[in-house]
S.K.: 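Input: one structure, supplied below.
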There are 2 protein chains.
Amino acid sequence: MDIKTSCLGVLALRPASGYEIRKAFEEGPFSHFAEGGFGSIYPALSKLTGEGLVTFEVEAQEKRPDKKIYQITDAGRATLVEKLCEKAPDDDKYKSDLLFILFFAGQLPADRIRNVIDDRIAFYQAKLDHLSECGGAGEGSAPDLVRGFGVTVYSAAMSYLQDHRQDFIKLADDNRPAADAAD
Amino acid sequence: MDIKTSCLGVLALRPASGYEIRKAFEEGPFSHFAEGGFGSIYPALSKLTGEGLVTFEVEAQEKRPDKKIYQITDAGRATLVEKLCEKAPDDDKYKSDLLFILFFAGQLPADRIRNVIDDRIAFYQAKLDHLSECGGAGEGSAPDLVRGFGVTVYSAAMSYLQDHRQDFIKLADDNRPAADAAD
DNA sequence: GACCCCCTATATCGGGCTGATATAGGGTTA
DNA sequence: TAACCCTATATCAGCCCGATATAGGGGGTC
């Protein structure tokens with residue numbers, strides 16, 4: 001999904017500033033399947049404004065930059081629905097530095113393998129806790145079902161790492177017995 | 001993982017042309033966690049050659065462009081290990097147009113929801129079949145364990161879609177009862 | 001037999017996106 | 001009191017993606 005459509009999606013839920021849109025990508029209901037930094041969001045909002053798909057009001061703030069609250073227009077909502085229907089969705093993109101590292105576990109020190117796996121398990125746990133907390137939408141709603149997808153996939157990933165942690169470490173150990181064998 | 005390191009990783013397994021490296025990202029053992037198109041791979045190989053991390057030999061071919069077979073050097077292998085150890089790996093990136101569409105299921109026609117879910121279930125099935133087939137590396141090896149991660153996560157994703165297919169369709173139906181109710 | 005699409009194979013280019021940086025003041029924590 | 005993070009907007013370089021160009025062989029279909 002291109003960044004313009006992603007912004008329209010966030011604004012379809014409620015009016016927001018560019019900063020708040022980014023938070024929706026980072027921590028909000030879109031956090032496990034969408035992305036976007038300031039470098040993409042601000043230009044996207046400018047274009048959307050030019051196309052009449054969003055409008056904004058300036059909220060003056062003291063001691064910090066004025067806040068631009070963007071709001072989706074009727075044309076914006078129509079465009080969003082169009083975009084969501086217009087073609088087969090792109091394949092999901094999954095990119096993992098962790099798996100790349102683990103692929104070469106046999107060539108790396110055991111400490112390194114242990115660290116990256118333990119860090120990632122902690123990360124998944126934090127993500128899962130966070131996803132459990134933000135069940136803002138009603139149970140059985142579309143956002144809730146999409147959240148459930150995230151919970152399911154993260155849980156499966158975390159379990160796999162926990163179940164095979166020792167296997168990966170063993171592979172590294174076997175190749176570099178010099179590294180400390182303690183765990 | 002930047003594209004240069006990704007190429008080094010592929011070449012660490014065996015010598016390959018740019019074209020073959022891309023296939024490794026698309027269909028090979030890296031296909032479920034790495035990416036890279038020609039527009040990234042060819043420039044990356046040029047840079048790696050300049051840095052002495054890979055070398056290449058030209059294999060003349062009739063009736064089609066000569067094939068450049070790239071091979072990793074000792075310096076290349078050392079650099080790869082360095083890169084894989086140098087810092088905490090980036091978080092996994094997951095981007096899904098499908099989940100974005102499903103998030104707005106309530107605003108979309110039921111046919112659309114049904115189509116995208118069914119297509120994706122078929123896609124996951126194909127991916128799983130493919131992952132099962134390419135167990136080239138020995139059982140219990142690092143590549144095999146990484147492959148297992150992919151199988152686990154894809155299976156979980158597919159099951160979730162199957163289990164909640166009707167729920168998503170229902171949400172769309174409820175909002176647009178005009179759409180055909182048949183299934 | 002003619003047509004079309006896909007496969008091998010390299011390479012470039014434009015446009016889009018990421019991540020870092022600039023600016024600015026507030027609050028919080030060690 | 002220093003360091004750091006939070007709100008808030010904005011820009012920019014560099015990297016990457018996807019499309020396109022080039023070129024011929026093989027295979028399937030009508």
Side-chain angles (χ1 to χ4, degrees), chain A residues 1-7 10 15-28 30-31 34-51 54 56-70 83 87-95 97 100, chain B residues 1-7 10 15-28 30-31 34-51 54 56-70 83 87-95 97 100:
Chain A
M1 209 58 63
D2 62 49
I3 189 71
K4 276 164 55 182
T5 308
S6 300
C7 288
V10 175
S17 65
Y19 187 83
E20 287 161 346
I21 289 174
R22 181 159 181 261
K23 279 207 303 187
F25 292 149
E26 288 238 308
E27 312 164 14
F30 296 84
S31 62
E35 290 186 347
F38 293 132
S40 326
I41 292 170
Y42 287 120
L45 289 172
S46 295
K47 285 179 209 164
L48 289 170
T49 303
E51 294 166 15
V54 305
F56 67 88
E57 284 173 23
V58 176
E59 189 178 293
Q61 301 204 130
E62 284 173 29
K63 315 282 183 69
R64 85 180 38 172
D66 291 348
K67 204 170 173 178
K68 287 188 194 171
I69 309 284
Y70 288 86
K83 286 280 178 66
K87 61 179 176 67
D90 284 348
D91 290 345
D92 290 2
K93 274 181 198 170
Y94 177 63
K95 204 174 179 186
D97 282 11
F100 194 91
Chain B
M1 209 58 62
D2 62 49
I3 189 71
K4 276 164 54 182
T5 310
S6 301
C7 288
V10 176
S17 65
Y19 187 82
E20 287 162 347
I21 290 173
R22 179 157 182 262
K23 279 208 302 190
F25 291 150
E26 288 238 308
E27 312 163 14
F30 295 84
S31 62
E35 290 185 348
F38 292 133
S40 324
I41 292 169
Y42 288 118
L45 289 171
S46 294
K47 285 180 209 162
L48 289 170
T49 303
E51 294 165 16
V54 306
F56 67 89
E57 284 174 21
V58 175
E59 188 177 294
Q61 301 203 130
E62 285 173 27
K63 315 280 183 71
R64 83 180 40 171
D66 290 350
K67 205 170 171 179
K68 288 187 193 171
I69 309 282
Y70 289 86
K83 285 278 178 65
K87 61 180 176 67
D90 284 349
D91 290 345
D92 289 2
K93 273 181 199 171
Y94 177 63
K95 203 173 180 188
D97 282 10
F100 194 91

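First the proteins, then the strands, lettered A, B, ... as listed; each starts at 1. Just so it is clear, the structure is predicted and the values come from calculations on it, not from any experiment.
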S.K.: Measure from NZ on B:Lys93 to C1' on D:dC17 and round the result to the nearest Å.
M.R.: 13 Å
S.K.: With a 3.5 Å cut-off and sequence neighbours excluded, list the donor-acceptor pairs that the side chains of residues 35-43 of chain A form with protein atoms.
M.R.:
none

S.K.: Indicate, with a heavy-atom threshold strictly under 4.0 Å, whether A:Lys47 touches base, sugar-phosphate, or nothing.
M.R.: nothing
S.K.: Kindly write out the residues that satisfy side-chain hydrogen bond (donor to acceptor under 3.5 Å, both in side chains) with A:Lys67, not counting sequence neighbours, or none if the list is empty.
M.R.: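 Once residues adjacent in sequence are excluded, the partners of A:Lys67 under the side-chain hydrogen bond (donor to acceptor under 3.5 Å, both in side chains) criterion are A:Glu20.
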S.K.: Can you find a side chain N or O atom of A:Lys95 that sits less than 4.0 Å from OP1 or OP2 on D:dC16?
M.R.: no
S.K.: Take the protein atom CD1 of A:Ile41 and the nucleotide atom P of C:dA20, then report the distance between them rounded to whole Å.
M.R.: 16 Å
S.K.: When the distance from CZ of A:Arg22 to P of D:dC5 is rounded to whole Å, what number comes out?
M.R.: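 Checked: the CZ to P distance equals 14 Å.
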S.K.: Using whole Å, report how far CD1 of B:Ile21 lies from P of D:dC16.
M.R.: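 Rounding to the nearest Å, CD1 of B:Ile21 and P of D:dC16 are 14 Å apart.
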S.K.: Is there a side-chain contact between A:Lys87 and A:Asp90, using heavy atoms and a 4.5 Å cut-off?
M.R.: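 In short, these two side chains touch, coming nearer than 4.5 Å.
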S.K.: Report the distance from atom OH of B:Tyr94 to atom OH of A:Tyr94, rounding to the nearest 0.5 Å.
M.R.: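 It is 10.5 Å, given to the nearest 0.5 Å.
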S.K.: Test of understanding: with ring pair (Phe, Tyr, Trp, His ring centres under 6.0 Å), list the residues that count as partners of B:Phe30, not counting sequence neighbours.
M.R.: A:Phe100, A:Phe103, B:Phe33
S.K.: Atom SG in A:Cys7, atom CZ in A:Phe25: separation rounded to 0.5 Å?
M.R.: 5.0 Å
S.K.: Whole angstrom is fine here: how far is it from CG in B:Leu45 over to C1' in D:dC16?
M.R.: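 Those two atoms, CG and C1', are 15 Å apart.
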S.K.: Rounded to whole angstroms, how far apart are NZ on A:Lys87 and P on D:dG18?
M.R.: 11 Å
S.K.: Bend across the helix from C:dG1-D:dC30 to C:dA30-D:dT1, to 10°, with axes taken over 5 pairs at each end?
M.R.: 40°
S.K.: Going 5' to 3' along nucleotides 8-15 of chain C, which nucleotides have protein heavy atoms under 4.0 Å from the base (write B), which only from the sugar-phosphate (write S), and which from neither (write -)?
M.R.: BBBBBB--
S.K.: Separation of A:Asp2 atom CG from D:dA19 atom P, in whole Å?
M.R.: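 It is 13 Å, rounded to the nearest whole Å.
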S.K.: Using the test side-chain contact (heavy atoms from CB on, under 4.5 Å), find all partners of B:Glu26 that sit at least two apart in sequence or belong to another chain.
M.R.: B:Arg22
S.K.: Give, for atom CE of A:Met1 and atom NZ of B:Lys95, the distance between the pair rounded to the nearest 0.5 Å.
M.R.: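 The distance works out to 9.0 Å.
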S.K.: Please find the pair of heavy atoms, one from B:Ala24 and one from B:Val10, that lie closest to each other, and give the distance.
M.R.: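 Reported closest heavy-atom pair: CB-CG1, 3.9 Å.
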S.K.: What is the distance, rounded to the nearest whole Å, between atom CG of B:Asp90 and atom P of C:dG19?
M.R.: 7 Å
